[in-house]
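What follows is one structure encoded as structure tokens, with my remarks underneath.
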There are 2 protein chains.
Amino acid sequence: MRKEGDPSERATDGHEPRLSRASVGRLSLYLRHLEGLLHDGVHKVSSSQLGDSLGVTDAQVRKDLGSLGHLGHPGVGYAAAELIAAIRRALGIDREWRAALAGAGNLARALLRYHGFVSRGFRFVALFDADPAKIGQRIDGLEIHATAAIPAVIAATRAELGVLTVPAESCQSVAEAMVAAGVRGILNFAPAVLRLPPTVQVVSVDLTVQLEQLAFLVQWNGGEG
Amino acid sequence: MRKEGDPSERATDGHEPRLSRASVGRLSLYLRHLEGLLHDGVHKVSSSQLGDSLGVTDAQVRKDLGSLGHLGHPGVGYAAAELIAAIRRALGIDREWRAALAGAGNLARALLRYHGFVSRGFRFVALFDADPAKIGQRIDGLEIHATAAIPAVIAATRAELGVLTVPAESCQSVAEAMVAAGVRGILNFAPAVLRLPPTVQVVSVDLTVQLEQLAFLVQWNGGEG
DNA sequence: GGATGTGAACGACTTCACAGCG
DNA sequence: CGCTGTGAAGTCGTTCACATCC
């Protein structure tokens with residue numbers, strides 16, 4: 001009944017990108033692959049090389065990269081370092097992002113210890129849990145606060161993003177508390193659909209849905225071995 | 001350069017569903033919501049009620065449900081119990097799925113302890129890790145085996161699905177070992193793109209990509225607060 | 001020659017709108 | 001009269017194919 005948070009307006013400077021969700025996902029993959037190439041001393045890459053490594057057509061790669069500006073050199077390919085800078089800028093990850101994490105369970109531990117986030121400029125600056133027994137404990141040096149402390153701690157740490165690894169029952173209220181405290185985007189791992197004002201961006205990672213996707217594919221398209 | 005594992009052939013009986021990926025994801029959401037409704041004693045639901053709860057248009061809901069057969073009652077709505085049965089069958093989760101988990105870290109712990117999987121018929125039957133120090137230990141009663149044991153253990157447990165929470169460097173080789181041992185679908189959490197034969201179904205949950213999606217949305221579409 | 005950039009064709013998914021049924 | 005089911009229209013994203021440039 002209501003529309004999705006589709007490509008909307010809002011400019012910040014010169015030419016901001018107007019990219020589809022799918023395109024953003026692929027750019028993220030290109031970025032990681034390009035960093036690997038650069039690390040291996042490869043400085044030039046063509047759309048077909050990039051596509052082959054990632055299971056994407058060369059035309060698709062060119063369309064995606066073309067939307068960032070004229071970065072390619074006909075007959076040669078793309079310069080890895082240039083592409084990396086352009087993609088980081090387009091994705092908005094050419095700066096640090098401060099994130100607050102709610103739900104101090106195993107998934108939270110996994111996220112806190114995953115170094116891939118830090119290397120991309122994502123920093124966890126606050127941690128919350130509803131369990132009184134956990135309050136005051138630390139995970140990786142980050143103190144666990146009560147959910148009642150969300151307003152104060154989010155304000156103090158100036159977290160812009162919220163990551164939810166809480167149970168389904170509490171995700172809506174925790175999300176609302178975070179939004180009220182100033183958080184502008186939420187990454188939701190709880191198995192429930194969040195309903196938030198359209199000014200707040202939500203990305204959901206619903207593990208049950210993903211596993212069921214896989215079961216469906218195997219059931220109906222699976223190899224006939 | 002190569003095509004995706006798109007909607008393909010393969011029949012098993014009467015009328016198997018020909019559903020898009022997006023549609024399967026929504027059906028999974030409908031299913032969970034319907035189970036909640038039934039639990040609350042609600043037995044009938046209309047497409048607009050269902051859609052409103054999940055942020056989907058009523059027309060979309062009808063299209064999705066229509067593809068499962070004629071389940072609706074004009075002027076009345078849908079019977080929750082009927083829908084649940086039909087969706088479970090369409091998704092292929094009207095039976096048990098046996099899964100093997102590789103990478104015994106915090107993410108693995110989170111998945112093993114998540115009850116939502118068990119209640120949907122997903123059962124973890126094997127656990128692997130590359131770290132010799134972990135071999136023989138148990139998590140939630142499940143013994144950790146060496147990755148060298150993948151062929152024997154997968155064969156013995158008859159796992160059909162593989163879940164990868166290993167580092168990016170090892171995901172390709174672990175996936176190949178699992179596939180060689182008979183696994184027909186892989187849920188990949190490693191931050192890398194798997195290249196496997198098209199007879200093997202792959203669903204990837206790339207947490208870095210998801211976080212970067214969120215950063216992009218907040219950066220460019222975010223509320224102008 | 002080799003690779004980019006891009007309109008045009010194509011295909012997939014979503015929304016509209018309304019006939020039809022209980 | 002309310003709500004489903006569904007062709008038709010519309011929108012969005014991908015692939016094709018080729019002019020263009022180094």
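Side-chain atoms are counted along with the backbone in the values below, which use heavy atoms only and exclude waters and symmetry mates.
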Hey, could you give me the CG/CG distance between L37(A) and L50(A), rounded to the nearest 0.5 Å? 7.5 Å
Using a cut-off of 4.0 Å on non-hydrogen atoms, how would the nucleic acid contact of S23(B) be classed: base, sugar-phosphate, or nothing? nothing
Once hydrogens and angles are ignored, does a donor-acceptor distance under 3.5 Å link the base of dT15(C) to the side chain of K63(B)? yes
Please work out if G77(A) contacts a base, only the sugar-phosphate, or nothing of the nucleic acid, heavy-atom cut-off 4.0 Å. sugar-phosphate
What is the bend of the helix from dG1(C)-dC22(D) to dG22(C)-dC1(D) when you compare the axis at one end with the axis at the other, using five pairs each and rounding to 10°? 0°
Any Q60(B) side-chain nitrogen or oxygen under 4.0 Å from OP1 or OP2 of dT15(C): yes
side-chain N/O H70(B) vs dC21(C) OP1/OP2, d < 4.0 Å: no
State which of dT6(D), dT4(D), dT4(C) makes the closest approach to the side chain of S46(A). dT4(C)
What is the separation between atom CD on Q49(B) and atom C1' on dT4(D), rounded to the nearest whole Å? 13 Å
Of the listed dT15(D), dT4(D), dT6(D), the closest approach to the Y78(B) side chain comes from dT4(D)
Less than 4.5 Å apart, any side-chain heavy atom of Q201(B) and any of N221(A)? yes
Please verify the inter-ring angle class for F117(A) with F124(A); under 30° counts as parallel, over 60° as perpendicular, anything in between as tilted. perpendicular
Expressed as a whole number of angstroms, how long is the span from L71(A):CG to dT6(C):P? 11 Å
Separation of E82(A) atom CD from dT4(C) atom P, in whole Å? 13 Å
Let me know the distance between CG of D64(B) and P of dT15(C), rounded to the nearest Å. 10 Å
Give, for atom NE2 of H43(A) and atom CG of L83(A), the distance between the pair rounded to the nearest 0.5 Å. 13.5 Å
Short side-chain N/O contact to dT14(D) OP1/OP2 from R26(A), under 4.0 Å: yes
Separation between OG1 of T147(A) and CZ of F128(A), rounded to the nearest 0.5 Å: 9.0 Å
Nearest nucleotide by nearest heavy atom, which residue falls closer to the 5' end of DNA chain D, L65(B) or G75(A)? L65(B)
Would you kindly compare H73(A) and R62(A) by the position of their nearest DNA chain D nucleotide and give the one closer to the 5′ end? R62(A)
Expressed as a whole number of angstroms, how long is the span from D58(A):CG to dT6(C):P? 16 Å
Apply salt bridge (Lys or Arg N to Asp or Glu O under 4.0 Å) to residues R120(B) and E96(B) and explain how you reach the verdict. CA-CA 8 Å; R120(B) 284 293 176 72; E96(B) 189 183 87; over 6 Å; no
Between T57(B) and dT15(C), is there a contact of a side-chain N or O with OP1 or OP2 at under 4.0 Å? yes
What's the spacing between R32(A) CZ and E212(B) CD if we round to 0.5 Å? 8.0 Å
Nearest to the A59(B) side chain among dA8(D), dA17(C), dC21(D), which nucleotide is it? dA17(C)
In this structure, which one of S47(B), S48(B), S67(B) forms a side-chain hydrogen bond (donor to acceptor under 3.5 Å, both in side chains) with R62(B)? S47(B)
Selection from dG13(D), dT15(D), dT4(C) that lies nearest to any side-chain heavy atom of P74(A): dT4(C)
Taking atom C1' of dT14(C) as reference, at what distance in whole Å does atom CZ of R21(B) sit? 19 Å
To the nearest Å, how far apart are K44(B) NZ and dC3(D) P? 13 Å
